[in-house]
Amino acid sequence: MPFSDQLKAFEKRITELEQENKRLHDTVAYLTKQLFGKRSEKTSSLSKEQVSLFDELPPVFDEAETQANAKVPEPDLQEEAAKFAKKRYKGQRKDQISHLEHVKKLYHRIEGDRSCDTCGTELVAVGEEFVRSELEFIPAQVRIIDYYRETLECRNCRKNDRPYMEKAELPDPVILHSLASPSTLAWIMHQKFVNAIPLYRQEAEWQMLGVTLSRATMSNWLMVAARDWLLPIVERLHQELLKETHLHVDETPIQVLQEEGRKNTTESYMWVYSTGQHGTHPIRLFEYQPGRGGSYPKKFLKGFQGYLHTDAYRGYDKVEKIVRCYCWAHVRRKFVDVLPKDVKSPEATMAAQGVQFCNELFAMEKALASISAKERYQERLTKQLPALEAFWSWADSALNTLPPKSKTSEAIQYAINHKAGLMNYLKDGNCSISNNLAENSIRPFTIGRKNWLFSGSPRGAAASAAIYSLIETAKANGLNPHRYLEYILGDLPGVPFRQSPDILDDYLPWNPDIQKKCSSTKTGK
């Protein structure tokens, strides 16, 4: 081989090794950021000096591409601090405690010290002075309620040898042959599924209160209560959810023990289905399934027709008669994750431009929140569609200037690969630009999972799904989830809802009586 050809081969190999070395450095930086970096996707530092992608749509990308050395500005710390500063106003503290019970404590001068220091005359009370207010914590108390019922007899029938007796009616127990009460069950559920306190910690708390209540007993109580009283309401909510035309779906792993034919280390999944932002009623439903296959949402959403907001997971393609709307928050996340430390590199400029585009797209969408669906549809076509077309043009040209396997090119390629789904939100004014609604709904579950780690059985996972469904739906409807659970567990036993399913409508979270009794703003009980 001629020396010139060998030299070209060596130069080509050196270039390839340099590119591979850079890719490896980028991968290490990316993984390090994922492990130790901040998880927030806020990118306010890009909003000041970064070139706006909306000012002049067609030429702006050409202009941005020439600024290969554009520097991502540092955030203004004073401005950032001002954003999170508490906005105080006169009387704020009084408003914060106005709904609480107030107990007046009046302190008197002690006997023997109620005379005038000048002449010795007995002092007479002429008024009171307010000094301060304090928040008092009253520790929880437990007690046993012993149920008795009155027995009545007809003495006249007794005289005539026709004994006749009646007994007073009692409320049905929430769980037969147990010490469980609605208040106890609701508190255990609230502690685990709202406050993310696992049962073994609750066991210790009950012990401090003088009650020996094992985690196994509490687990059995939760499964029985969820099966008998909560699941029927969840199924009723499921029927209402399928009537909607805009839904959100997301899924997250869960470890479930004792699954038949599966190792304990095998991943199962918790799915969440949510009504859209502009739906009739807010509904959040959780469903445990042993896998992530598309057959699960297909079965759960049978009968639904409309727009389904998801991430780009292909399993959702199995759901029939839907239009999939992909999530722009995922696109932004891709760009945020690959922002390199070397802010002077062309890749930094490209990634920052991608982040800035998403930020401004979300800002435009936020401005449309208060208008009607029809107006929102028109505004999107007028303002956002030209911006999106400019973005796709920029993305196509950006790929030609970046190494094919770089993290930034992968982020841009992700957006291009899912262009159709990302554009579908423009088809209907009630569609959302992201799937954040479902992700926010499933976040309490992921937080709890960090503490309790796994479900002990498929029955336990199914019970958790039912409880999470009612808790998150209650919160979405402005209810206090603890009050809502306690009301259901105390009132539903003994109600013939299986013979008359329409009775369950009285327990849905948007029912006026439920709103009145279980509102999050309601004081006391």
Side-chain angles (χ1 to χ4, degrees), residues 41 43 52-61 64 244-250 273-280 282 297 301 304-314 316-317 319-336 353-399 411-441:
E41 296 175 23
T43 52
S52 172
L53 305 186
F54 291 129
D55 292 340
E56 299 178 10
L57 293 173
V60 71
F61 293 100
E244 295 291 329
T245 56
H246 300 76
L247 297 182
H248 295 252
V249 189
D250 198 13
Y273 300 85
S274 172
T275 53
Q277 180 182 358
H278 307 286
T280 307
L301 295 176
F304 167 74
Q305 297 182 29
Y307 294 89
L308 189 65
H309 298 77
T310 69
D311 53 27
Y313 173 49
R314 292 184 178 180
Y316 294 112
D317 289 335
V319 183
E320 301 171 346
K321 299 179 180 179
I322 63 165
V323 177
R324 289 189 62 185
C325 298
Y326 290 165
C327 177
W328 274 98
H330 279 72
V331 177
R332 178 170 61 182
R333 195 171 301 151
K334 294 285 184 181
F335 285 116
V336 170
Q353 287 174 216
V355 172
Q356 180 67 12
F357 168 81
C358 294
N359 284 349
E360 297 194 22
L361 188 65
F362 274 84
M364 293 171 70
E365 186 65 21
K366 185 177 180 180
L368 308 179
S370 60
I371 63 179
S372 67
K374 184 177 180 180
E375 292 173 325
R376 191 179 302 112
Y377 170 77
Q378 293 296 337
E379 286 292 314
R380 285 172 175 172
L381 295 182
T382 302
K383 297 181 179 179
Q384 296 183 23
L385 181 56
L388 288 164
E389 290 173 348
F391 171 76
W392 298 122
S393 176
W394 167 81
D396 288 334
S397 62
L399 282 181
I412 295 175
Q413 190 65 59
Y414 172 87
I416 293 176
N417 290 344
H418 303 105
K419 177 180 177 179
L422 290 168
M423 296 289 284
N424 278 342
Y425 82 97
L426 296 173
K427 295 181 177 180
D428 190 287
N430 281 324
C431 288
S432 296
I433 196 173
S434 75
N435 196 34
N436 285 346
L437 197 155
E439 292 189 3
N440 292 336
S441 298

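We use all heavy atoms of the structure for the numbers below, so side chains are in, but hydrogens, waters and symmetry mates are not.
Looking at L437 and Q277, their side chains come closer than 4.5 Å, going by heavy atoms from C-beta outward. Between D428 and Y377 there is no side-chain heavy-atom pair separated by less than 4.5 Å. Counting heavy atoms from C-beta outward, N435 and D250 have side chains that approach closer than 4.5 Å. Between H309 and L247, the closest side-chain pair of non-hydrogen atoms is not below 4.5 Å. Two residues are said to be in side-chain contact when any heavy atoms from C-beta on lie closer than 4.5 Å; L368 and Q384 meet this criterion. Proximity of F357 to F362: side-chain heavy atoms (C-beta onward) are nowhere separated by under 4.5 Å. Taking 4.5 Å as the limit, every side-chain heavy atom of Y307 sits out of range of all side-chain heavy atoms of N424. Between V319 and V249 there is no side-chain heavy-atom pair separated by less than 4.5 Å.
In terms of heavy-atom proximity, L361 sits nearest to W328 at CD2-CD2, 3.8 Å. When all heavy atoms are compared, the tightest approach of Y273 to P297 is OH-CA, 3.2 Å. Smallest separation of non-hydrogen atoms from H248 and G276: CD2-CA, 3.8 Å. Closest heavy-atom contact between L301 and L308: CD1-CD1, 3.9 Å. Minimum interatomic distance between L381 and P386 (heavy atoms only, all atoms of both residues): O-CD, 3.6 Å. Heavy atoms only, all atoms of each residue included: R376 and I371 are closest at NH2-O, 2.7 Å.
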Working note: Y326 + M423, criterion side chain to side chain contact (heavy atoms under 4.5 Å, CB included); need CA distance, chi angles, decisive distance, verdict. CA-CA 8 Å; Y326 290 165; M423 296 289 284; over 6 Å; no

Determine, step by step, whether N359 and R332 satisfy the side chain to side chain contact (heavy atoms under 4.5 Å, CB included) criterion, reporting the C-alpha distance in whole Å, the side-chain angles of both residues, the deciding distance to 0.1 Å, and the verdict. CA-CA 8 Å; N359 284 349; R332 178 170 61 182; 3.2 Å; yes

Could you walk me through whether T280 and E244 satisfy the side chain to side chain donor-acceptor pair (under 3.5 Å) test, starting with their C-alpha distance in whole Å, then the side-chain angles of each, then the deciding distance to 0.1 Å, before giving a yes or no? CA-CA 7 Å; T280 307; E244 295 291 329; 3.2 Å; yes

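Side-chain atoms of Q378 do not come within 3.5 Å of backbone N or O of E375 as any donor-acceptor pair. The main-chain N or O of G421 is never found under 3.5 Å from a side-chain atom of R324 such that the two would form a donor-acceptor pair. A distance-only check finds no donor-acceptor pair linking the side chain of H246 to the backbone of H278 [under 3.5 Å]. Judged by distance alone, the side chain of S432 and the main-chain N or O of S434 form no donor-acceptor pair under 3.5 Å.
Within the structure, the salt bridge (charged side-chain N to carboxylate O under 4.0 Å, His left out) test picks out the following pairs touching residues 364-374 (sequence neighbours left out): E365-R380.
Ring-plane geometry between W394 and F391 is classed as tilted, the angle between the planes lying from 30 to 60 degrees on a 0 to 90 degree scale.
With sequence neighbours left out, the side-chain contact (heavy atoms from CB on, under 4.5 Å) criterion links H330 to D311, C327, R333, Y414, E439.
Once rounded to the nearest 0.5 Å, the distance linking SG of C358 with CD1 of I433 reads 8.5 Å. Atoms CG and CG, on L422 and N417 in that order, are 10.0 Å from each other to the nearest 0.5 Å. With rounding to the nearest 0.5 angstrom, the OG1 atom of T382 is 9.0 Å from the CG atom of L385.
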